Structures are given as structure tokens and as C-alpha cells.
There are 2 protein chains.
Amino acid sequence: MDDSRYTDLDEETLFLVSQTFKALADPTRIRILNLLFNREYSVNEIAEQLHLRQSTVSHQLRFLKNLRLVKFRREGTSIYYSHDDEHVLNVLHETIQHALHH
Amino acid sequence: MDDSRYTDLDEETLFLVSQTFKALADPTRIRILNLLFNREYSVNEIAEQLHLRQSTVSHQLRFLKNLRLVKFRREGTSIYYSHDDEHVLNVLHETIQHALHH
DNA sequence: ATAATATATGAGCATATACTCATATAACCA
DNA sequence: TGGTTATATGAGTATATGCTCATATATTAT
């Protein structure tokens, strides 16, 4: 690996990078994001699919929403969530594949 | 994004993936790995470069070592650490660049 | 063997995290 | 308006995490 990859990191970058990975560091959030690879789901649909409580899903979605990793649209009383960050989703996808095949 | 990216994740994969990202979810570990992009460093050199306590560095290196993200070699009383996982290092590098330029 | 240097580790503490229950808020419909 | 369904949120609790100090271990040189 060449030297050009070393950069002294400023506080802000460090925080953003660590926060991004923190989003991916929890099994529940990974399962949610992994489900959203597929298509959009409502909060209750996510809860049912993954056998989680509605409040658990809602709390985690807020976390992912704050980091702009998911977006949502309202339809009646339901809110449908979908992924919203290609880069992070790719990173997750690659790492899952890496884990599955190694 | 196509449907082919959805896979129901087993416990083991989920654990491995979340652990991997957990390694990257802490500012101190990011700084250490980012330093090791460059070249190998001894424990004390890392501590000096990053203004961290020796024990802090040693604890974090143990964490990274357990996940096989770093390797080491002894030279006298010093132990030199270097990175040992191209995939994870690439993911970190890409995400740092992404954060720096967005 | 003893001293000096480098690294590893255990315990303690403060903070962060993730889940759950209960309840609030919001949209829709009769 | 009142009732129903869906989602969000606050508080409480248990566990996890990261740092620090003190000390143990290991290697080298005298």
C-alpha cells in the first residue's frame, strides 16, 4: 500500500466516519438496512419481517434517518422507509459478501 | 438497486459484519488504522504520533488484532504493528475519502 | 541476576448504547 | 367528533464500551 493513503484526520471527518460505521456496527441496524436493499418497507412491515418490536424499529430508523442513510414517504397512516446512501449501502453489501464467502 | 442484493443473514455473518464495523466505529481505532495505512509503527510510536496513552493504544491494538485487522512482529523489546486486512482497509479508505470530499 | 525499556493486562469508573413499556402524536374514516 | 391504525418518543434499565492507573510480563544489556 502506498504512502498517499495517509491523511491526518480532522475532528469533523473523524466524527462523521465513526458515526457512519457506528450505524453499521449493530446487528439490528444491519438487518434493517439489509432488508431495505430489497425495496421500501413500512415500520410495521420491518418489525414483522425481522421479529422486532415496533418501537425498536422506530428508534433505529430515527438513528439511520439522522445519518441520512434512509429516507421515507408517508402513505396514509403508514410511513415507508427506503435506503438513501449508495456509498454506505455498497460498503455494507461488500462487507456482507466478504463475510459470507470467507 | 436490484433485488439480488437481499440475503437473509445468519447469526454468524451478522456477528462478523457488526464486529468488523464496530472496529471502524471508534475515532481512536480509526486514527490508528489510518496511521497504519502509511507503514508499520511500534506501540509507543503510535501513542506518540496520536497523543494517546500507551495502555490505550495497547488495548485498542488487541481489539484490532483479535479481528485480524492488524498483524505484528517483534524486534527486540518493541513490537511493530501493521495492517492485515485489505478489504476492511479499503472500506475505511473509501469512507474517509467520501467524508473528506462531501 | 539485576536494571532498563517496551508492551500487555486487570480493575474501576464514567459514559454510551439498545431494548422495552407506556404513552403521545398523526392520519384516516365512519 | 370519536374511534382505529400506524408511527414516534420519553423514561427506565441492563449491558457494552473506552479510558485511566497500577502492575505484570517479556526482552535486552550490563
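Letters go in sequence order (proteins before strands), and every chain restarts at 1. Since we're looking at a predicted model, the values are computed, not measured.
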When the side chains of residues 22-32 of chain B are checked against the rest of the protein, which donor-acceptor pairs come out under 3.5 Å, sequence neighbours left out?
residue: B/D26; atom: OD2; partner: B/T28; partner atom: N; Å: 3.1
residue: B/D26; atom: OD2; partner: B/R29; partner atom: N; Å: 3.2
residue: B/R29; atom: NE; partner: B/A23; partner atom: O; Å: 3.1
residue: B/R29; atom: NH1; partner: B/Q60; partner atom: OE1; Å: 2.9
residue: B/R29; atom: NH2; partner: B/K22; partner atom: O; Å: 2.9
residue: B/R31; atom: NH1; partner: B/L50; partner atom: O; Å: 3.3
residue: B/R31; atom: NH2; partner: B/L50; partner atom: O; Å: 3.1

Item to check | A/K71 side chain vs A/H83 backbone, donor-acceptor pair below 3.5 Å | outcome: yes

Checklist entry - Taking 5' to 3' order, which nucleotide of DNA chain D is first and which is last to have an atom within less than 4.0 Å of a heavy atom in chain A? => result D/dT5 to D/dG10

Item to check | Heavy-atom closest pair, residues A/L16 and B/A99 | outcome: CD2-CB, 3.8 Å

Checklist entry - Going hydrophobic residue to hydrophobic residue with side-chain gaps under 4.5 angstrom, can you get from A/L69 over to A/Y80? => result no

Checklist entry - Residues two or more places apart in sequence or in another chain: which of them pass side-chain hydrogen bond (donor to acceptor under 3.5 Å, both in side chains) with A/S18? => result none

Checklist entry - What residue pairs, at least two apart or across chains, pass salt bridge (charged side-chain N to carboxylate O under 4.0 Å, His left out) with a residue in residues 40-63 of chain B? => result B/E40-B/R73

Item to check | Residues in contact with DNA chain C, drawn from residues 66-79 of chain B - heavy-atom cutoff 4.0 Å | outcome: B/T77, B/S78, B/I79

Checklist outcome for this item: Residue pairs meeting ring-ring contact (aromatic ring centres under 6.0 Å, His included), one or both in residues 46-74 of chain A, sequence neighbours left out, come to A/F72-A/Y81

Checklist entry - By side chain to side chain contact (heavy atoms under 4.5 Å, CB included), which residues pair with A/D10, not counting sequence neighbours? => result A/E12, A/T13, B/L100

Item to check | With sequence neighbours excluded, residues passing side-chain hydrogen bond (donor to acceptor under 3.5 Å, both in side chains) with B/S58 | outcome: none

Next on the checklist: Please check this pair: side chain of B/R74 against backbone of B/G76, looking for a donor-acceptor N/O pair closer than 3.5 Å.
Outcome noted: yes

Checklist entry - Can you find a pair of side-chain heavy atoms, one from A/V43 and one from A/Q54, that are under 4.5 Å apart? => result yes

Item to check | Nucleic acid contacts of residues 50-59 of chain B, taken as heavy-atom distances under 4.0 Å to DNA chain D | outcome: B/R53, B/S55, B/T56, B/H59

Next on the checklist: Measuring only between side-chain heavy atoms, which start at C-beta, is A/V17 closer than 4.5 Å to B/L92?
Outcome noted: yes

Checklist entry - How is B/Y81 classified with respect to the nucleic acid when contacts are heavy atoms under 4.0 Å: base, sugar-phosphate, or nothing? => result sugar-phosphate

Item to check | Strand contacts (DNA chain C) in residues 9-26 of chain A, 4.0 angstrom heavy-atom criterion | outcome: A/K22, A/D26

